[in-house]
Undergrad: 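This is the structure I want to talk about, given as structure tokens.
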Amino acid sequence: MEKACYLLQSGTMNVMEIANAVGYFNPSHFAAVFKEKYGLNPRDFIRYRSQ
């Protein structure tokens with residue numbers, strides 16, 4: 001998840017690409033696991049970090 005967090009912050013890949021890059025082939029499962037760890041789903045995380 002740390003790699004996913006880094007990739008989300010870099011802004012060079014979309015959520016689906018990041019999910020695949022870190023080994024999740026189901027983006028919904030990736031989003032659920034990410035939200036469990038960080039408290040935000042990946043899209044909200046991107047919005048929050050860009051403010």
Side-chain angles (χ1 to χ4, degrees):
M1 281 298 118
E2 289 80 19
K3 181 178 179 180
C5 187
Y6 171 78
L7 292 171
L8 285 166
Q9 290 178 50
S10 73
T12 58
M13 300 169 76
N14 67 40
V15 174
M16 179 87 162
E17 292 169 330
I18 293 168
N20 289 333
V22 297
Y24 287 87
F25 299 101
N26 180 336
S28 297
H29 186 242
F30 166 71
V33 172
F34 189 91
K35 185 172 183 173
E36 188 175 313
K37 180 164 178 83
Y38 292 103
L40 296 168
N41 69 41
R43 285 189 176 90
D44 290 340
F45 182 84
I46 292 168
R47 284 188 211 118
Y48 176 77
R49 293 299 234 180
S50 66
Q51 293 179 352

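Side-chain atoms are counted along with the backbone in the values below, which use heavy atoms only and exclude waters and symmetry mates.
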Undergrad: Are Leu8 and Tyr6 packed together at the side-chain level, in the sense that at least one heavy-atom pair is separated by less than 4.5 angstrom?
TA: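 Side chain of Leu8 against side chain of Tyr6, heavy atoms only: no contact under 4.5 Å found.
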
Undergrad: For Ala32, what residues pass the side-chain contact (heavy atoms from CB on, under 4.5 Å) criterion, not counting sequence neighbours?
TA: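 Listed in chain order: nothing, the list is empty.
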
Undergrad: Go through the structure and list residues passing side-chain contact (heavy atoms from CB on, under 4.5 Å) with Lys35, not counting sequence neighbours.
TA: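 For Lys35, no residue satisfies side-chain contact (heavy atoms from CB on, under 4.5 Å) once neighbours in sequence are set aside.
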
Undergrad: For the atom pair NE2 (His29) and CZ (Phe34), what is the distance rounded to the nearest 0.5 Å?
TA: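 The distance works out to 14.5 Å.
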
Undergrad: How would you list, by chain and number, every residue that makes a side chain to side chain donor-acceptor pair (under 3.5 Å) with Ser28, sequence neighbours excluded?
TA: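 Here no residue qualifies.
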
Undergrad: Do Val15 and Phe30 touch side chain to side chain, with heavy atoms closer than 4.5 Å?
TA: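 Of all side-chain heavy-atom pairs linking Phe30 with Val15, at least one is under 4.5 Å.
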
Undergrad: For residues 8-22, which residue pairs pass the side chain to side chain donor-acceptor pair (under 3.5 Å) check, not counting sequence neighbours?
TA: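 Those involving residues 8-22 are Ser10-Thr12.
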
Undergrad: If you group Ile, Leu, Val, Met, Phe, Trp and Tyr whenever their side-chain heavy atoms sit less than 4.5 Å apart, what else falls in with Phe25?
TA: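 Members other than Phe25 - counting any ILVMFWY side chain reachable under 4.5 Å - there are none.
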
Undergrad: Only pairs under 3.5 Å count here: list side-chain donor-acceptor contacts from residues 36-43, not counting sequence neighbours, and write none if there are none.
TA:
residue, atom, partner, partner atom, Å
Lys37, NZ, Glu2, OE2, 3.4
Asn41, OD1, Arg43, N, 3.1
Asn41, OD1, Asp44, N, 2.8
Asn41, ND2, Asp44, OD2, 3.3

Undergrad: Any chain of hydrophobic side-chain contacts (each under 4.5 Å) joining Phe45 to Met16?
TA: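 No; tracing contacts between hydrophobic side chains, which count when under 4.5 Å, never links both residues.
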
Undergrad: Considering all heavy atoms of both residues, which atom of Ala21 and which atom of Lys3 are nearest to each other, and what is their separation?
TA: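 Answer, listing the atom of Ala21 first, then Lys3: O-NZ, 4.1 Å.
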
